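Computed over heavy atoms, backbone and side chain alike; hydrogens, waters and symmetry mates excluded. Just so we're on the same page: letters track the sequence lines, and every chain starts at 1. Quantities reported herein were computed from a predicted structural model and do not represent experimental measurements.
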Number of protein chains: 2
Amino acid sequence: MTTVSDILQPVELDLENLLVDLRSLIGAGHPILQAAAEHLFSAGGKRLRPGIVLLISRSLTPQGDLPVKHLKLAQITEMIHTASLVHDDVVDEAATRRGVATVHSKFDPRIAVLAGDFLFAQASWHLANLENLQVVKLLSRVIMDLADGEIKQGLFRYDSCQSFSTYLEKSYCKTASLIANSSKAIGVLSEVSDSNLDMLYLFGKKLGLAFQVVDDILDFTGSDQQLGKPSASDLASGYLTAPVLYALEEKTILSEFIERKFSNEGDLDKALELVRSSNAIDRSRQLAEKFASESRHAIDWLPESSSKEALLGLSQFVLGRLY
Amino acid sequence: MTTVSDILQPVELDLENLLVDLRSLIGAGHPILQAAAEHLFSAGGKRLRPGIVLLISRSLTPQGDLPVKHLKLAQITEMIHTASLVHDDVVDEAATRRGVATVHSKFDPRIAVLAGDFLFAQASWHLANLENLQVVKLLSRVIMDLADGEIKQGLFRYDSCQSFSTYLEKSYCKTASLIANSSKAIGVLSEVSDSNLDMLYLFGKKLGLAFQVVDDILDFTGSDQQLGKPSASDLASGYLTAPVLYALEEKTILSEFIERKFSNEGDLDKALELVRSSNAIDRSRQLAEKFASESRHAIDWLPESSSKEALLGLSQFVLGRLY
C-alpha cells in the first residue's frame, strides 16, 4: 500500500533536514518549550504541507539543490500549521491529536499558548526575511484565515441551519488556505507566470478541500484507532461537516438532535445512524473526488517529473483513505 | 496635574478614530470576541504606543491630514500590543490588568487565545499591506521579541543569580522593542535619513526602558489602587526587576527568600523590607532618569512643534509617576 512517505520520496531528504532545523529552532529558547517541541515534532505529523511546497519547487527546479528561500518557505508553512494546531487544541480543549496527548493537556495551556505564539512569531520573522512582499501577503493572509476559520467554526457549532457554503468557507480557512497560498507563494519564488500562479493556488485550494472532506467523512466511517480520536467526535462537539449537512437535506429530524446538543440519551447514536443510512456519505465522497480531480487538472501544465507525479498522487492517496 | 490625554492632545482626534476602527474590526467576527473587544478597549489603556507613532508622524508632517499608512501603522502597533497583553495574561494567569478583569478570567482562556490570535493575524495582514518590506521586518521582529521576552521572563523566575543585563534584555523584548521599532517604522514611512531612523529607534528603546523601570519601581512603592494590581505582585510571582537586582547587591540574604520562593511565612514582607531599606529604589530611579534623558536627546533633531514637545513630555510624565 502506498504511504505518505512513498509519495514524498522525491523531496524526502530536504524534508528531513527541514524538520531537524525546526526542532532545534524551537528547542533553543526554553527547556519547557524544548519538551513541547520534541513532543510536537515526534508525534510524526504527515508533513504534507511542507512536502507539497517542496514538490512544487522541485518540479519547477528539476536539477541541483533547491534554493534556500524555497526551503525556508516550506519550513514557514510547517511553523504556521503547527502553531495553529497547538492553539486550536487549546481552543477546542482537545486532549489528543493523532492519538497523542496535545501540548496543552500534556504540559499546560499556558505553555501551549507560548509555544504557538513563538512559532507564529518565528514564522512572521522568517517570512519577512524572504524579502518578497507578495509572499509576505499570501502567507499573512493564511494566518488571518486560520484565525477566522477557528472563529467561524465556533460560531456555527450546533447550528443546523448553516449553509453548505458556510461549511466550505470554514474548510477553506482552516485547511485549504494554507495549502493554496503556500503553493502560490512557491510559484512566486519560482517566478512562474501570473496565470500559472492562479493554477497553483487552485491546485492547493482544491487539494485542501479534498483533504478536509475526506477527514470529515472518516469522522463517520473510520475507527477510533484510524482517526487517533474517538469517531464521530466532530459531530459530538457540534461541528457540522459535509456528511451531516447532506444528511440534513434528507432527514430533517436530525436537526432536532443537533439543536438540543445531543442532550437526551441515545441522541448521538441516532444521529449517527441517520447520517450513515442516508446518501450523505456517498455524496460527500463524490464531492471529495470532484475537488481532487479539479486539483489534479490545475497542474496539467507542470513539466513531467517524479515530483509532478507525487503531486498528482497526493489526492489519490487521500481518496484512498476512504476505501 | 498633567495627564496622558493632555500629552497626546496634538494627535487626539486621530487616536480616537483609530480606536473606533479597532473596536469595530475585532467585533465584526464573533459575538464573544465582540464582548472581549468591548471589554479590552473600554478598559481604557493609555494608548501610549499608537500615540507615540502618531506624534512622530505629526512632527514630521506638520500640515494637513496624516497619510493613511501612518494611521494604519499606529493601529497595527496597538493591535500587536493588545494581542500580546491578552496572551501574556493567559500565560501569567493574571486575574486583573489595570484593575479590570482580564479577558481570560472574565470570559475563558480559550476566548483569550482566539482573541489574541485574531489580533496578531490582523496585524500581520495589515502590516503586509503597508507594502513596505522594511516596515514588515521591523514589526515582525517585535512580534518575535514579545514571544522571546515572555519566554525569558518565565525562564528567569525566582533566579536570583540572573544578571542585570538579562533583566534589561527581557525589558527590551517585552516593552521597548515595540516602541523602538514602531518609532523607526514611522520614520521609514516618513522617509527620514538612515541616521535619523537610528535615532528614532534609540528614542523608542530608551523611552520603553524608562517606562519599564518606572513600572518596576512602582511595584514596590505604589499602592494597590494606583497599580491596578496588588503591590509587589511582580516580586511575589518571582519576576525579579531592577529594584530587587540592585538590592541583592547590598543584601545578599534576600536571595534566600527568593530561592525558596517566599515559602516561609513572612518571607515576602521581609524581602520587601530589604528592598525598601536599601538604595535600590534610588538607584532604579536614577536608571529610569538616565534612560528618559537619553530618549529625549535622541530626538533633538526633530523640528520644533507641539508634537515634539509632547514626545519630550512623555518621559517627564512617566518619571512624574514616581513622585
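Residues Leu133(A) and Ala128(B) share a closest heavy-atom pair of CD1-O, 4.1 Å. What you find for Met144(B) and Trp125(A) is that their closest heavy atoms are CE-CD1, 3.2 Å.
If you run side-chain contact (heavy atoms from CB on, under 4.5 Å) between Val90(A) and each of Leu114(B), Val90(B), Val113(B), only Val113(B) comes through.
Here Arg141(A) contributes atom CZ and Ser124(B) contributes atom OG; the two are 12.0 Å apart, rounded to the nearest 0.5 Å. Here Gln122(A) contributes atom CD and Ile143(B) contributes atom CD1; the two are 12.0 Å apart, rounded to the nearest 0.5 Å.
Ser177(B) is linked by a side chain to side chain donor-acceptor pair (under 3.5 Å) to Asp145(B), Asn181(B), counting only residues two or more places apart in sequence or in another chain. Under the side chain to side chain donor-acceptor pair (under 3.5 Å) criterion, Ser263(B) pairs with no residue at all, not counting sequence neighbours.
Counting heavy atoms from C-beta on, the side chains of Asp117(A) and Asp117(B) come closer than 4.5 Å.
When heavy atoms are compared at a cutoff of 4.5 Å, Gln134(B) does not approach chain A at all.
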